[in-house]
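Step one of this worksheet: look at the structure below.
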Amino acid sequence: MGPLLALPQTHHFCPSQLSLDPLGPDWDCPLGSKDLEEEEGPWGGGSGLPPPGCFPGSWRQDVGLDCKGSLEGAEARAWTVYGYSLLQSCLQQAGLPETQDRSQVPRTGCPGAEVTLCILGSPSTFLSVLLEGGVQSPGNMLLCLSPAWLTKVPAPGQPGEAVLLVSKAVSFHPGGLTFLDDFVPPRRATYFLAGLGLGPGRGREAAELARDLTCPTGASAELARLLEDRLLTRRLLAQQGGVAVPATLAFTYKPPALLRGGEASPGLRLVELSGKEDQETLVKEEVGAFLHSDALGDALQVAVKLSGWRWRGRQALRVHPRGELGAVADTVLALLEKLEEEESVLVEAVCPPARLPFPGSPPPGPELAVRICAVVCRTQGDRPLLSKVVCSVGREDRPLRHQSSLPQTLEVALARCGLGEPGQVAVVRQRVKAAAEAALAAVLALEAGLSAEQRGGRRARTDFLGVDFALTVQGRTLTPVALELNSGPCLEACGALEGLWAAQRPRSAAEEAAAAPLVETMLRRSAHYLMEGKQLLLIGAGGVSKKFVWEAARHYGLKLHLVESDPNHFASQLVQTFIHFDVTEHRRDEENARLLAELVRARGLQLDGCFSYWDDCLVLTALLCQELGLPCSPPAAMRLAKQKSCTQLHLLRCHGPPWPAPSLHAVPCCPLESEADVEKAVHQVPLPGVMKLEFGAGAVGVRLVEDAPQCREHFSRIARDLQGEADHPGIGLGWGNAMLLMEFVEGTEHDVDLVLFGGRLLAAFVSDNGPTRLPGFTETAACMPTGLAPEQEAQLVQAAFRCCLGCGLLDGVFNVELKLTGAGPKLIEINPRMGGFYLRDWILELYGVDLLLAAAMVACGLRPALPTHPRARGHLVGVMCLVSQHPQVLSSTASRETLQALHDQGLLRLNLLEDILVPGEYEEPYCSVACAGESPAEARLRLLGLCQGLGIDGPHYPVAHFLSHFK
């Protein structure tokens with residue numbers, strides 16, 4: 001996008017006035033008036049009765065808003081009735097049904113074992129979050145209309161902290177259905193978000209409820225004090241985030257500790273006052289220097305306003321021409337009398353309007369003012385993500401405020417100002433995105449350095465932020481200038497935009513609610529809270545590819561007890577209890593399960609769950625869970641899924657109903673235990689076929705066979721080379737080396753990773769695999785999310801789900817390998833555990849969902865806290881490296897140290913699968929190297945260039961060919 005110059009025929013684009021609030025010669029609220037002292041809005045903390053609402057509607061008035069055991073005064077009751085009417089009005093305008101009162105029949109629930117997302121605040125502010133929560137976690141998103149519906153009780157064993165209990169709430173469900181519910185016993189909040197205020201009213205009650213909770217909170221009065229201090233946040237954004245802010249002169253009286261000292265910020269001048277009187281000389285000197293400084297650039301006006309918690313939401317300010325030094329100084333001096341400790345008077349530049357080209361011949365109309373409002377959310381790994389941008393447009397002489405104009409998309413707003421070229425609009429959006437995400441990153445960095453007391457609790461965090469922007473010209477470039485940070489107003493504006501068309505059309509798959517990332521974060525933090533301190537028995541530690549387990553367990557606060565065959569395994573020092581036990585002889589699994597159960601009881605372990613992600617130990621784990629009475633899929637189902645020929649032959653017999661039946665996805669096969677079995681199989685299974693180990697893993701020993709002689713030769717080779725566990729540890733040889741012959745099906749290969757609970761599908765993640773190097777089937781390349789059409793993706797997910805149910809796998813995290821053929825999905829095999837290689841890492845990176853945590857929750861009998869429709873935040877394309885194909889490269893240009901350094905720099909994503917460089921005929925991949933991108937093409941091109949530079953690509957290992965399926 002080139003520089004924007006002033007053209008003869010233009011609209012004057014006045015974004016500077018988007019958050020300077022009412023502009024003009026007079027105060028919107030006269031100084032000294034009572035109105036200036038009061039908080040605004042029903043949750044702002046002011047006292048008195050609610051404002052008269054404009055709620056035309058015919059909803060029922062005789063609903064049970066009283067909470068048993070808690071009495072409200074007349075004033076508090078009026079606020080509760082006001083909130084309920086406001087909710088009904090919001091639902092009505094969105095074309096959604098009236099709330100149904102179910103409070104006469106209390107809900108029982110599962111206290112302490114279910115996700116409970118609780119919001120205390122204005123329905124209009126949080127409606128988008130509430131509706132999205134009803135979609136992502138049905139029945140678990142609760143709106144409390146009164147603090148009396150909540151109770152804080154001391155947390156056992158956690159001095160100074162409290163558990164938050166919900167006795168009454170409006171619950172949200174898919175389709176915008178809402179119910180007024182009582183809970184007996186009360187539900188325990190796993191996440192709390194409150195509309196906050198400082199005054200004596202409900203805002204203060206909400207702040208007190210949010211303080212020092214055991215559950216995660218998305219806001220606190222302490223954090224709100226910091227974020228709504230314009231001076232503090234402007235210095236923070238300028239210094240830490242590199243975000244443009246208006247040139248500002250601040251006079252502050254006894255500034256907070258965070259504003260004292262530190263480096264100077266460009267364009268920000270802080271003057272500390274020892275007192276509020278007799279400051280005329282200092283004020284005039286500072287104002288004069290500021291008005292004549294280069295920091296103001298082309299600004300022709302300055303605005304004078306108050307900054308501090310008491311003044312949040314205030315519309316009081318005065319705008320002066322830049323040349324009126326005396327008038328500016330007098331205004332500052334008048335406002336100084338109003339200051340209390342830690343408050344400031346700001347003199348800030350009114351950014352000059354950006355003059356944008358206006359097509360057509362008619363003369364330009366009045367100057368337009370635009371408010372750009374961005375909502376940005378904390379996502380997995382504490383990374384900021386812009387979720388929505390909303391604008392308001394109006395005449396410059398009719399100043400814009402939140403709630404005073406209709407919300408519009410950025411494209412529509414810029415087009416009204418004459419900037420309609422898609423490429424230029426995309427550049428503006430990208431700059432707003434970068435600035436908004438940098439703003440939240442700076443806030444998160446600030447919070448990381450605060451104590452629990454300064455944050456308002458150990459679990460208090462800022463999970464979303466609203467940023468108001470001006471769009472002005474700096475250095476001949478359109479630049480978003482951050483004017484202030486907020487939470488509710490921007491979120492409400494985004495919800496209003498989404499609600500404009502809610503009654504006319506459903507949201508398409510490509511559209512995402514502004515609150516979607518926030519709700520995902522609520523669920524993620526709830527899962528951490530529910531699992532913290534859980535005692536889990538883990539069967540089998542795994543190798544280097546599972547090193548992430550121990551770091552994740554520490555992050556989630558899991559207490560792991562490990563059963564492992566290797567007495568010297570590095571993980572023995574990383575767990576609560578280490579039990580050395582030989583689990584490699586799987587023909588003795590039933591006996592070993594009884595022995596292990598006795599060991600667990602003898603050690604007095606009080607377990608919440610038991611699970612495994614290691615192929616060899618899955619049946620043993622199911623048997624042990626049965627012995628200990630812990631949740632797990634039945635041992636028979638695990639055996640059926642573990643033995644590949646049994647899986648296929650069983651599913652071939654599952655004809656339904658219901659239809660489509662699992663038999664549609666099964667592939668004919670024959671088990672092979674002897675040479676005689678081979679002779680029978682070649683006459684029963686169409687050739688070419690695929691021979692593989694019955695209990696194998698990692699594609700070791702899998703081969704395409706064209707005819708009977710090849711079948712005999714491969715069977716003999718495996719019988720000779722892979723006889724027991726010592727020949728190739730970790731691929732299932734403890735079960736024996738029996739094989740199977742199955743029909744070879746043409747098509748593209750895909751992995752589907754599923755999360756099931758109680759036989760219900762909670763989440764599914766589909767990835768695409770590249771073509772293998774026939775006659776072998778070792779994986780070469782992968783792409784996530786899938787590039788398939790939605791219908792084909794849905795076919796794969798349903799096929800995987802039906803096959804798991806057909807085998808009796810009802811609870812757990814499962815990896816299903818399929819091929820998509822012309823006749824639909826065909827099953828390769830079911831791995832009744834979390835996906836291996838890079839899959840857990842990629843799903844966590846792209847979707848923010850941790851399959852390890854989901855598996856642990858299922859093992860504890862807890863429904864995993866997952867979004868119903870998780871969305872990928874980008875694309876990953878990766879390629880496998882093999883020791884046999886890259887012997888020199890992996891010791892030089894693509895050494896482990898080099899790859900790790902590139903990973904640390906964010907240039908690639910490395911997943912190490914083996915620890916040593918040992919080539920062999922039956923090898924598994926050494927590592928996976930992947931690149932990220934906004935599109936599959938971008939990720940693919942980055943990866944191809946990287947592989948060419950590192951020497952991974954070559955005639956013997958054509959990476960371009962392996963990536964060809966992803967076009």
Note to self: On a heavy-atom basis, which atom in G861 and which in F757 lie closest, and how many Å separate them?
What the structure shows: O-CZ, 3.6 Å
Margin query: Please find the pair of heavy atoms, one from R525 and one from T217, that lie closest to each other, and give the distance.
Written below: NH1-O, 3.1 Å
Note to self: Would the distance check show the side chain of Q136 and the main-chain N or O of A516 forming a donor-acceptor pair, the cut-off being under 3.5 Å?
What the structure shows: yes
Margin query: What I want to find out is whether E447 reaches R461 closely enough, with some N-O distance under 4.0 Å, to be called a salt bridge.
Written below: no
Checklist line | Side-chain donor or acceptor of S85 paired with backbone N/O of V81 under 3.5 Å | finding: yes
Notebook entry, point to check: Does D181 offer a backbone N or O that forms a donor-acceptor pair with the side chain of R107 under 3.5 Å?
Noted result: no
Next item on the list: Kindly check if the number of other-residue, nucleotide or ligand heavy atoms within 6.0 Å of CZ (R102) is above 12?
Entry: yes
Next item on the list: Measure across L142 and V166 and return the closest heavy-atom pair with its distance rounded to 0.1 Å.
Entry: CD1-CG1, 4.1 Å
Next item on the list: Could you check L385 against K433 for side chain to side chain contact (heavy atoms under 4.5 Å, CB included), going step by step and ending with a plain yes or no?
Entry: CA-CA 8 Å; L385 176 71; K433 172 181 170 67; 4.1 Å; yes
Notebook entry, point to check: Does the pair M857 and M531 meet the rule for a side chain to side chain contact (heavy atoms under 4.5 Å, CB included), with working shown?
Noted result: CA-CA 7 Å; M857 293 189 76; M531 289 301 291; 3.5 Å; yes
Notebook entry, point to check: So, N486 side chain and C490 main chain: donor-acceptor pair closer than 3.5 Å or not?
Noted result: yes
Check: Any donor and acceptor pair, going by atom type alone, linking the side chain of K168 with main-chain N or O of S146 inside 3.5 Å?
Finding: no
Notebook entry, point to check: Does E342 pair with R225 as a salt bridge, N-O distance under 4.0 Å?
Noted result: no
Checklist line | Main-chain N/O of L65 paired to W149 side chain as donor or acceptor, under 3.5 Å | finding: yes
Next item on the list: Return yes if some donor-acceptor pair links the side-chain N/O of R234 with the main-chain N/O of L483 below 3.5 Å, else return no.
Entry: yes
Next item on the list: Please assess L346 against R230 for the test side chain to side chain contact (heavy atoms under 4.5 Å, CB included), listing each intermediate value before the final yes or no.
Entry: CA-CA 9 Å; L346 306 184; R230 280 192 179 99; 3.9 Å; yes
Item checked: Check: R187 side chain, V115 main-chain N or O, donor-acceptor pair, under 3.5 Å -> yes
Next item on the list: Apply the side-chain contact (heavy atoms from CB on, under 4.5 Å) test between L226 and each candidate in L258, V443, L236, T462; give the one that qualifies.
Entry: L258
Note to self: Between Q88 (side chain only) and T99 (backbone N and O only), is there a donor and an acceptor less than 3.5 Å apart?
What the structure shows: yes
Check: Does the side chain of L852 come within less than 4.5 Å of F548's, by heavy atoms?
Finding: yes
Note to self: Do R378 and L465 make a side-chain contact, defined as non-hydrogen atoms from C-beta onward lying under 4.5 Å apart?
What the structure shows: no
Checklist line | Heavy-atom closest pair, residues L213 and K152 | finding: CD2-CE, 3.8 Å
Margin query: With a 6.0 Å cut-off (strictly less than), is the heavy-atom count around CD of E453, excluding the residue itself, greater than 12?
Written below: no
Notebook entry, point to check: Given the rule in the salt bridge (charged side-chain N to carboxylate O under 4.0 Å, His left out) test, do R459 and E161 qualify, once you have shown the distances and angles that lead to the verdict?
Noted result: CA-CA 10 Å; R459 296 186 185 272; E161 294 189 335; 5.8 Å; no
Next item on the list: Check the pair V170, L130 against side chain to side chain contact (heavy atoms under 4.5 Å, CB included), reporting the backbone distance first and the verdict last.
Entry: CA-CA 10 Å; V170 177; L130 296 163; over 6 Å; no
Check: For the residue pair G533 and K559, what are the closest heavy atoms and their distance?
Finding: O-CG, 3.8 Å
Notebook entry, point to check: Counting distance only, does the side-chain N/O of T190 pair as donor-acceptor with the main-chain N or O of T116 below 3.5 Å?
Noted result: yes
Checklist line | D66/R77 under salt bridge (charged side-chain N to carboxylate O under 4.0 Å, His left out): CA gap, chis, key distance, verdict | finding: CA-CA 8 Å; D66 293 326; R77 167 75 179 180; 2.8 Å; yes
Item checked: Test log, rule side chain to side chain donor-acceptor pair (under 3.5 Å), inputs D463 and T521 -> CA-CA 7 Å; D463 285 334; T521 296; 5.7 Å; no
Item checked: E484 and K305 ion-paired at < 4.0 Å -> no
Checklist line | Verdict with reasoning, S344 to S307, per side chain to side chain donor-acceptor pair (under 3.5 Å) | finding: CA-CA 5 Å; S344 307; S307 174; 5.1 Å; no
Note to self: Are more than 12 heavy atoms, taken from residues, nucleotides or ligands other than R455, located less than 6.0 Å from that residue's CZ atom?
What the structure shows: yes
Check: What are the two closest non-hydrogen atoms of C860 and P631, and how far apart are they?
Finding: C-CG, 4.1 Å
